[in-house]
Amino acid sequence: MLKVNDLHKSYQVGKTTYEVLKGVSFEIAKGEFVAVMGPSGSGKTTLLNCISCYIPADKGSIMLGKTELARLSEEQLATVRNRELGFVFQDFLLLDGLSVRDNILLPAIIGGTVDPDTERRAEELCRIFGISAIEEKYPAEISGGEKQRTAVARALINRPMMILADEPTGNLDSKSSRAVIDSFLQARRAMGATIFMVTHDSFAASFCDRAIILRDGQVWRTVERGDMERLSFQDKLLDSVREMGRE
Ligand SMILES: Nc1ncnc2c1ncn2[C@@H]1O[C@H](COP(=O)(O)OP(=O)(O)O)[C@@H](O)[C@H]1O
Ligand SMILES: [Mg+2]
C-alpha cells in the first residue's frame, strides 16, 4: 500500500542546514492502522508532508500502491491527493462558510463529481459518524469533537486508499479524542481504510496495530500491538517513550 524508502529531508535556514529526516524507511499494508510517534520536532509533520508531496523530499522514494509519487507531475499529484488520499489536519481546516454537509462534500466538489451517489455517501458518512443531526450547521455552531468527525468524514468522501492524519486528537479532550479514534476504526471496518496517524499521544496510539517511533530523523523502533490488550500496549508505548528520553 505505502512503501517509504530511505527518505531524507533537510531545511535550509540562512546558512545552516537542519537535517530532519535522515533515511526513514517503513511499509504499511492495506487496512493497517499505524501511528507515527516521536517527540515534538522529531519530524513527524515533515514526514507526512513528504508523503503527500506537499514538500519535496531530498532523497528516497515513496510508493503509493504501484505509483512512485516523486515521478508524478503537479497535476497528477493533485489527482492522487484528491482521489487516493484523505487528509485530517490537527486544526480541522473546515471552511467556515460551508455547512457540515458541504464541508464533507468539498473533496468531491473539487474532484468535479458530486453525483447522487456521492450525496448518498455523504449521508451515509454522517450517519456512521453520528453527525446527521448537525448536517446543516456551520463549523462555528458545532463542538470540537463534531468538527473533527466532520473532518474525518470529509477525508473519506472520495473513498481514498489511505487516510493521513496529523495529530488529529491534538486539541481535543479525552472524550472527543476517543470519538476521532472510533471514527478511524469505523472507517477501517466499514470501508477497509488504511490509516496513517501522526501523534505524540500514547493513548491515541494505543488503538493502532503498530507504532513507528521516530528519533533523530530515523525510525528508532517499531512497536507491534499483536494480541496485547490495549492498556498493555499503551504501557509498552509509554515505556518506549521513556526509554527514548533516557538514552
Ligand atoms: N519550513 C521549515 N523550515 C525550517 N525548519 C523547519 C520547517 N518545518 C519544520 N522545521 C523544523 O524541522 C523540525 C521537525 O519539524 P516537524 O516535522 O514539524 O516536527 P514534529 O511534527 O515531529 O513536531 C523542527 O525542528 C522544526 O523546527
Ligand atoms: Mg507536527
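Every number for a ligand or one of its atoms is a count from 1 in the order of the listing. Position 1 is the first residue of the sequence, and the numbers go up from there.
Between K44 and D166, no side-chain nitrogen of the basic residue sits less than 4.0 Å from a carboxylate oxygen of the acidic one, so the salt-bridge criterion is not met. Using a 4.0 Å cut-off between a side-chain N of Lys or Arg and a carboxylate O of Asp or Glu, K137 and E146 do not qualify as a salt bridge. A salt bridge does not link D239 with K236: none of the charged nitrogens is closer than 4.0 Å to a carboxylate oxygen. Classification of E124 and R127 as a salt-bridged pair holds, one side-chain N sitting under 4.0 Å from a carboxylate O.
Among the candidates R225, K30, R188, the single residue satisfying the salt bridge (Lys or Arg N to Asp or Glu O under 4.0 Å) test with D209 is R188.
At a 4.0 Å heavy-atom cut-off, ligand 1 touches V13 through the side chain alone. With a 4.0 Å heavy-atom cut-off, ligand 1 is reached by the backbone of T45 and by its side chain too.
Against a heavy-atom cut-off of under 4.0 Å, V20 is close to the following atoms of ligand 1: 12 (O), 13 (C), 14 (C). Atoms of ligand 1 found under 4.0 Å from any heavy atom of P39 (numbered from 1 in listed order, with element): 22 (O).
Checked by distance only, ligand 1 and G41 come closer than 3.5 Å through their nitrogen or oxygen atoms.
The heavy atom nearest to atom 15 (O) of ligand 1, out of those in V36, T46, T17, N49, is found in T46.
Distances from atom 26 (C) of ligand 1 to the protein include no heavy-atom value under 4.0 Å.
Separating the CZ atom in R178 from the CZ atom in F203 is a distance of 5.5 Å, to the nearest 0.5 Å.
Among protein heavy atoms, the minimum distance from atom 19 (O) of ligand 1 is reached at G43 N, 3.2 Å. For atom 6 (C) of ligand 1, the closest non-hydrogen atom of the protein is Y11 CD1, 3.3 Å.
Nearest heavy atoms, P160 versus A155: CG-O, 3.2 Å.
The Mg ion (ligand 2) lies at 2.8 Å or more from every N, O or S atom belonging to T46.
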